[in-house]
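Here's the structure, in structure tokens; my notes come after.
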Amino acid sequence: MKLKSLKKPIQHKNKFILFIVFLCITIIVILSFFISNIVKNRDLTKSTIIAEKLSKISELSTIKYSYSKIISLSNSKKLNSFEIPFTEKSFLIKYSGYVKAGVDLKDIHVVVHNKNITITLNKSKILDHVVNDQDLSVLDEKSSLFNKLSMQDMIDEMSNEKKKIEVDLLNTSFLDGANTNAKLLLLDILSDMEFENVKIIFK
């Protein structure tokens, strides 16, 4: 009789212990779920904030190419491939300009996970090409009564030259340099924000 009476309290004690263990596990699972959601929401909020801040910059210019050019134009009116006398016009112009390239931050994707951040953005492109009007000088010009030299002639020739300069730059490592500079700049910015692992992806 004594053995039976001892057995019941032991069984009750075991059940109580199992209940406590089950309760602890349940609490841990629920807490893990909530903490995970809090972390996810925090990371998502941080991702959105950083994306908004960077997109406000709009365009990030990271490389500049300056140049000085001399262009010329010379032509005459023709009749059946024969140049008509006294219809020649020509000019010789010296001017300078610059081309800027960089990344467009309007279309940027940011993913934050704890101290890790991944930035995905478009590759660099030419953002601006400016001719310095203040530095333009006409070295020589010639106009004729029947073939007058106009400002539009100069504008058209300079426009054609601008396109050539851009094509030549695109055939070099100009945009690769812009990508490299953009990456270094973003790494500095995000490292200052205390991210330990920063990944920049160009698409």
Side-chain angles (χ1 to χ4, degrees), residues 51-110 119-192 198-203:
E52 285 177 354
K53 282 184 177 179
L54 290 175
S55 63
K56 282 179 182 177
I57 300 171
S58 182
E59 292 179 341
L60 184 64
S61 178
T62 59
I63 196 168
K64 181 180 179 180
Y65 169 76
S66 299
Y67 64 87
S68 180
K69 298 284 292 183
I70 294 177
I71 58 172
S72 62
L73 172 71
S74 178
N75 66 35
S76 301
K77 287 192 173 183
K78 293 181 180 182
L79 182 63
N80 296 327
S81 301
F82 176 74
E83 289 188 358
I84 302 172
F86 310 111
T87 63
E88 182 185 359
K89 67 178 177 181
S90 64
F91 66 77
L92 191 66
I93 296 176
K94 182 182 178 183
Y95 68 98
S96 64
Y98 63 83
V99 182
K100 284 184 178 181
V103 291
D104 186 348
L105 296 178
K106 290 175 187 173
D107 183 20
I108 188 170
H109 184 62
V110 180
I119 303 281
T120 305
L121 66 164
N122 292 323
K123 290 180 181 178
S124 294
K125 63 181 180 179
I126 290 175
L127 300 175
D128 201 10
H129 189 167
V130 175
V131 171
N132 186 5
D133 295 332
Q134 308 269 325
D135 192 39
L136 190 148
S137 57
V138 180
L139 303 177
D140 183 41
E141 64 177 304
K142 184 178 181 181
S143 186
S144 67
L145 183 62
F146 303 105
N147 191 13
K148 287 190 177 293
L149 182 67
S150 69
M151 182 59 70
Q152 192 61 46
D153 292 325
M154 299 181 184
I155 292 170
D156 290 344
E157 197 62 25
M158 288 171 68
S159 178
N160 291 335
E161 194 62 30
K162 281 177 74 174
K163 290 174 185 175
K164 287 178 187 176
I165 290 169
E166 290 180 13
V167 169
D168 289 342
L169 281 176
L170 293 175
N171 287 327
T172 67
S173 58
F174 182 62
L175 293 186
D176 290 334
N179 287 336
T180 300
N181 291 344
K183 186 174 183 178
L184 291 172
L185 187 57
L186 288 171
L187 282 170
D188 282 343
I189 292 170
L190 297 167
S191 294
D192 288 342
V198 180
K199 191 175 182 182
I200 311 292
I201 300 171
F202 290 100
K203 61 180 179 179

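One-based numbering along the sequence shown. All values below come from the heavy atoms of this structure, side chains included, with hydrogens, waters and symmetry mates left out.
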Practice problem: Could you go through the side chain to side chain contact (heavy atoms under 4.5 Å, CB included) check for Y98 and V130 one step at a time? | Solution: CA-CA 6 Å; Y98 63 83; V130 175; 3.5 Å; yes
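- The CD1 atom of I189 sits 6.5 Å away from atom CG of L60, with the distance rounded to the nearest 0.5 Å.
- Applying the 6.0 Å contact sphere to NZ of K163 captures no more than 12 heavy atoms from other residues, nucleotides or ligands.
- T62 places a side-chain N or O within 3.5 Å of a backbone atom of A178 that can act as its donor or acceptor partner.
- Summarising the geometry of S61 relative to L127, their closest heavy-atom pair is CA-CD1, 3.9 Å, with the distance given to 0.1 Å.
- Rounding to the nearest 0.5 angstrom, the gap separating the NZ atom in K69 from the CD1 atom in I93 is 13.0 Å.
- Annotation: the span from D128 atom CG to K64 atom NZ amounts to 9.5 Å, rounded to 0.5 Å.
- Side-chain contact between L169 and H129: absent, with no pair of heavy atoms (C-beta onward) separated by less than 4.5 Å.
- Rounded to the nearest 0.5 Å, atoms CZ (F174) and CD1 (I126) are 6.0 Å apart.
- Taken to the nearest 0.5 Å, the NZ atom of K123 stands 8.0 Å off from the CG atom of D176.
- Considering all non-hydrogen atoms of both residues, Y67 and V131 come closest at OH-CG2, 4.0 Å.
- Closest heavy-atom contact between L190 and I200: CD1-CD1, 4.3 Å.
- Heavy atoms only, all atoms of each residue included: L175 and A101 are closest at CD2-CB, 3.8 Å.
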Self-check item: Stepwise side chain to side chain contact (heavy atoms under 4.5 Å, CB included) test for N122 and K203
Solution: CA-CA 5 Å; N122 292 323; K203 61 180 179 179; 3.0 Å; yes
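- For the side-chain contact (heavy atoms from CB on, under 4.5 Å) with S124, the lone residue among N179, D104, I63, T180 that qualifies is N179.
- The distance from the CD1 atom of I71 to the NZ atom of K164 is 9.0 Å, given to the nearest 0.5 Å.
- Put simply, the side chain of S191 never gets that close to the backbone of D188: no donor and acceptor are under 3.5 Å apart.
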